[in-house]
Structures are given as C-alpha cells and as structure tokens.
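Here's the structure we're looking at; comments come further down.
Nothing here was measured: the structure is a model prediction, and the numbers come from that model.
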Amino acid sequence: DVHRGVVRGGRWGAGGPGALGPFSVAGVGLRAGVAAGDVGGREGAARLRNLDGRDMAGGISFEVIPAGGRPLRLVREYRIPGGLELTVPFNLTVPQPKRWSPWRLGEANLHQVRATVSVSGRESVRVSEDFGFRDIDLRPRAEGWEMRVNGSPFFLRGANYQPELRLDRLTPERLQADLDLARETNLDALRVHGHVLPEEFYRLADRAGMLVLADFALTGAYAYHATPEEGRFFEASVREQVPELVELLRNRPSIALWTA
C-alpha cells in the first residue's frame, strides 16, 4: 500500500512563529443581503480574545470597502476582562453594491471588511476578510430542482472534485490551475466530495466565480457496524462539528450549499 503510514490529518499548510499584542481576533462573521431599493446590508460581528490577564478597554473600527466604492467606517468601544472573549456586533449599509455572480452570469465582485482593534489608542491587531453580495435560491419542483442566482434562472453544470489524497501537497498554483480548467470546460460548480479543502481553495473559487457544493467531512461509513454507544458518540461529534465547519467558511460567496 503506497499510502501506508501516511498521516492524513493535522495542519495542511505552512506555519511559523509570530508576535501578537494583548488581543487576537478569533473571527469576523458576516451576513450580507440586498434589500428593496438596491441597498446592501452588512451585518457582522468580531469575536475578540483578551490574551492578557488584565482587563482591557479600547476601540474596534470596522471598515467596509465596496468594490469600486468609497470605504464605510464604524467604531465601537469595548471592555473585556482578562483572559475572556467578547463578541462585538456591527451593521453597515452599502448603497448599490455590486453583486457576486458565477462567471457565466457576470462578474465575481468581492468587497472587503477590515477590523482594527486598538488598546489605549495604539493598534493591537488588524484582520481583513473578503465577502460578496449574492442570493441563491434552491426550490424542489415536481420535474426537478430549480435554482436561481441573484434572481436569474440558472442551470447548474458541475463535477465532483477530489484533487489530492494528501492535502498538504496542494498548492495555490495547483488549485488555481484546477479552477481555470473547470472554467475552460464550461463548469459552473465543483462538489468538494467528502472532505473540506484548505481555505485558500474557497477564496480562489470566490475570485473565479465558481460555485462550490461543500460536503461535510462526515459519512455514515464512520459509524458502520457501530455499537449503540459508538453511534451516539458519532452523532454527538457530528452535531458539534457541523456548525463549526459552516462557521469556518461562512464568508465565502462561492459556497452554494452544504451536503452530507
């Protein structure tokens, strides 16, 4: 067996030491929508971690940079006891946002949100995240599923995607080449079958205008012939991991749906 002894779990990319201030930003979660009058709403929240043992107070600024538009800025104050976390919500309105579309329907317009945390007037940490405004509607019908993207009917043309058994061998160049090939063969979607790829793939899919059907890395085979106790353990693990997987890639407009 050529794969005997190969460890397939763990970190799948390069890592190294780095310096942090008293704070880290555990994540910036976003929810985008376009209301009547072509006004984009951007609800979100940043989860802060106080890495210091002391209470900390300061400000966090949120900046939304629309594609081809002027930046919008909002500032919130915070206070966090030592060693604890705090979720800071925000809401910004983006007038006439450019929508993200699959490549066959239009441009894959991406916007950016930036969160900057300051302590006593000095910047501690800054993170940024790309996102897109888009609507995907899937409806079951007697003759089959109907799909609409940004209100337009859309016939999905896709394929399964299993690029490599060892995910540590996947480079951004390899992933980009696969997405380019998918577009050259007139595919609109790739189903990442039975696993979750490194996050860089989903970011590249955003830019390429490629829809992704994301599989949970969970299959019934894990509980095949399981005892009742093992089955309960598997179900509990699934219930814990599913929301974590969705949260991990929640800002990626390329993800059309999750399947299992």
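Heavy-atom minimum distance, Ala226 versus Gly231: CB-N, 4.1 Å. For the pair Leu187 and Ala159, the tightest heavy-atom approach, listed with the atom from each and the gap, is CD1-CB, 3.9 Å. Heavy-atom minimum distance, Ala108 versus Asp206: CB-O, 3.4 Å. Looking at every heavy atom in both residues, Arg183 comes nearest to Ala208 through NH1-O, 2.9 Å. Shortest non-hydrogen contact noted between Thr87 and Ala45 is CG2-CB, 3.6 Å. Here the closest heavy-atom approach between residue Ala189 and residue Leu156 is recorded as CB-CD1, 3.7 Å.
Of the possible donor and acceptor atoms, one in the side chain of Asn109 sits under 3.5 Å from a partner among the backbone N and O of Arg99. With hydrogens and angles disregarded, a donor-acceptor distance shorter than 3.5 Å links the side chain of Asn50 to the backbone of Arg54.
Scored by the side chain to side chain donor-acceptor pair (under 3.5 Å) test, Glu107 finds no partners at all (sequence neighbours excluded). Legend: residues meeting side chain to side chain donor-acceptor pair (under 3.5 Å) with Arg174, ordered by chain and number and at least two apart, are Asp178. Shown here are the side chain to side chain contact (heavy atoms under 4.5 Å, CB included) partners of Leu248, two or more places apart in sequence or in another chain: there are none. Arg203 pairs by the salt bridge (Lys or Arg N to Asp or Glu O under 4.0 Å) definition with Glu129, Glu199, not counting sequence neighbours. Applying the side chain to side chain donor-acceptor pair (under 3.5 Å) rule to Asp188 yields the partners Arg104, Arg157; only residues at least two apart in sequence or on another chain are considered. Scanning for side chain to side chain contact (heavy atoms under 4.5 Å, CB included) contacts around Glu146 gives Arg139, Arg141, Arg148, with sequence neighbours left out. With sequence neighbours excluded, no residue forms a side chain to side chain donor-acceptor pair (under 3.5 Å) with Gln162. By the side chain to side chain contact (heavy atoms under 4.5 Å, CB included) test, Thr227 pairs with Glu229, Glu230, sequence neighbours left out. By the salt bridge (Lys or Arg N to Asp or Glu O under 4.0 Å) test, Arg126 pairs with Glu123, sequence neighbours left out.
Between Val75 and Arg73 there is a side-chain heavy-atom pair separated by less than 4.5 Å. Counting heavy atoms from C-beta outward, Ser124 and Thr116 have side chains that stay 4.5 Å or more apart. Within the 4.5 Å cutoff, the side chain of Leu197 has heavy atoms near those of the Pro163 side chain. Proximity of Val119 to Tyr78: side-chain heavy atoms (C-beta onward) are separated by under 4.5 Å at one or more points. Using a 4.5 Å heavy-atom threshold, the side chains of Val196 and Leu249 count as touching.
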For this session: Show the numbers, then the answer: is there a side chain to side chain contact (heavy atoms under 4.5 Å, CB included) between Leu105 and Asn150?
Result: CA-CA 9 Å; Leu105 287 184; Asn150 296 328; over 6 Å; no

For this session: Take Ser254 and Met210 through the side chain to side chain contact (heavy atoms under 4.5 Å, CB included) test and state the conclusion after the steps.
Result: CA-CA 6 Å; Ser254 55; Met210 183 66 61; 5.9 Å; no

Problem set entry | CA sep, side-chain torsions, deciding dist, call: Asn91, Leu74, side chain to side chain contact (heavy atoms under 4.5 Å, CB included) | CA-CA 8 Å; Asn91 195 330; Leu74 179 69; 5.9 Å; no

Problem set entry | side chain to side chain contact (heavy atoms under 4.5 Å, CB included) between Phe90 and Val113, intermediate numbers included | CA-CA 11 Å; Phe90 68 94; Val113 62; 4.1 Å; yes

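Residue Arg252 holds its CZ atom at 10.5 Å from CG of Leu204, rounded to the nearest 0.5 Å. With rounding to the nearest 0.5 Å, the separation of CD in Glu85 from CD1 in Ile80 is 8.5 Å. Here the straight-line distance linking atom CD of Glu244 with atom CZ of Arg239 works out to 14.5 Å at 0.5 Å rounding. Atom CD of Gln241 is separated from atom CZ of Phe234 by 8.5 Å, given to the nearest 0.5 angstrom. Here CG of Asp130 is found 9.5 Å from CG of Asn251. Values are rounded to the nearest 0.5 Å. Atom CG of Leu211 sits about 8.0 Å away from atom CZ of Arg134, to the nearest 0.5 Å.
Linking Ile, Leu, Val, Met, Phe, Trp and Tyr residues whenever their side-chain heavy atoms come within less than 4.5 Å leaves Val149 and Leu190 in two separate clusters. Placement of Trp258 and Leu213 in two distinct hydrophobic clusters is found when ILVMFWY residues are connected by side-chain heavy-atom separations under 4.5 Å, directly or transitively. Note: the hydrophobic cluster containing Val192 also contains Val246 (ILVMFWY, side chain heavy atoms under 4.5 Å, direct or indirect links). A continuous path of Ile, Leu, Val, Met, Phe, Trp and Tyr side chains, each step under 4.5 Å between heavy atoms, connects Met56 with Val88, placing both in one hydrophobic cluster. By the rule that hydrophobic residues join a cluster once side-chain heavy atoms approach within less than 4.5 Å of another member, Val212 and Val242 end up as members of one cluster.
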Determine all donor-acceptor pairs shorter than 3.5 Å in which one atom belongs to a side chain in residues 58-71; sequence neighbours excluded.
from, atom 1, to, atom 2, distance (Å)
Glu63, OE1, Arg114, NH1, 3.3

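The pair Glu247-Arg250 counts as a salt bridge, with a side-chain nitrogen and a carboxylate oxygen less than 4.0 angstrom apart. With salt bridges taken as basic N to acidic carboxylate O contacts below 4.0 Å, one links Asp215 and Arg191.
Pairs passing the ring-ring contact (aromatic ring centres under 6.0 Å, His included) check and including a residue from residues 152-196, sequence neighbours excluded, read Tyr161-Phe201. Contacts classified as ring-ring contact (aromatic ring centres under 6.0 Å, His included) and involving residues 97-117 (residues at least two apart or in different chains) are given here: His111-Phe131, His111-Phe133.
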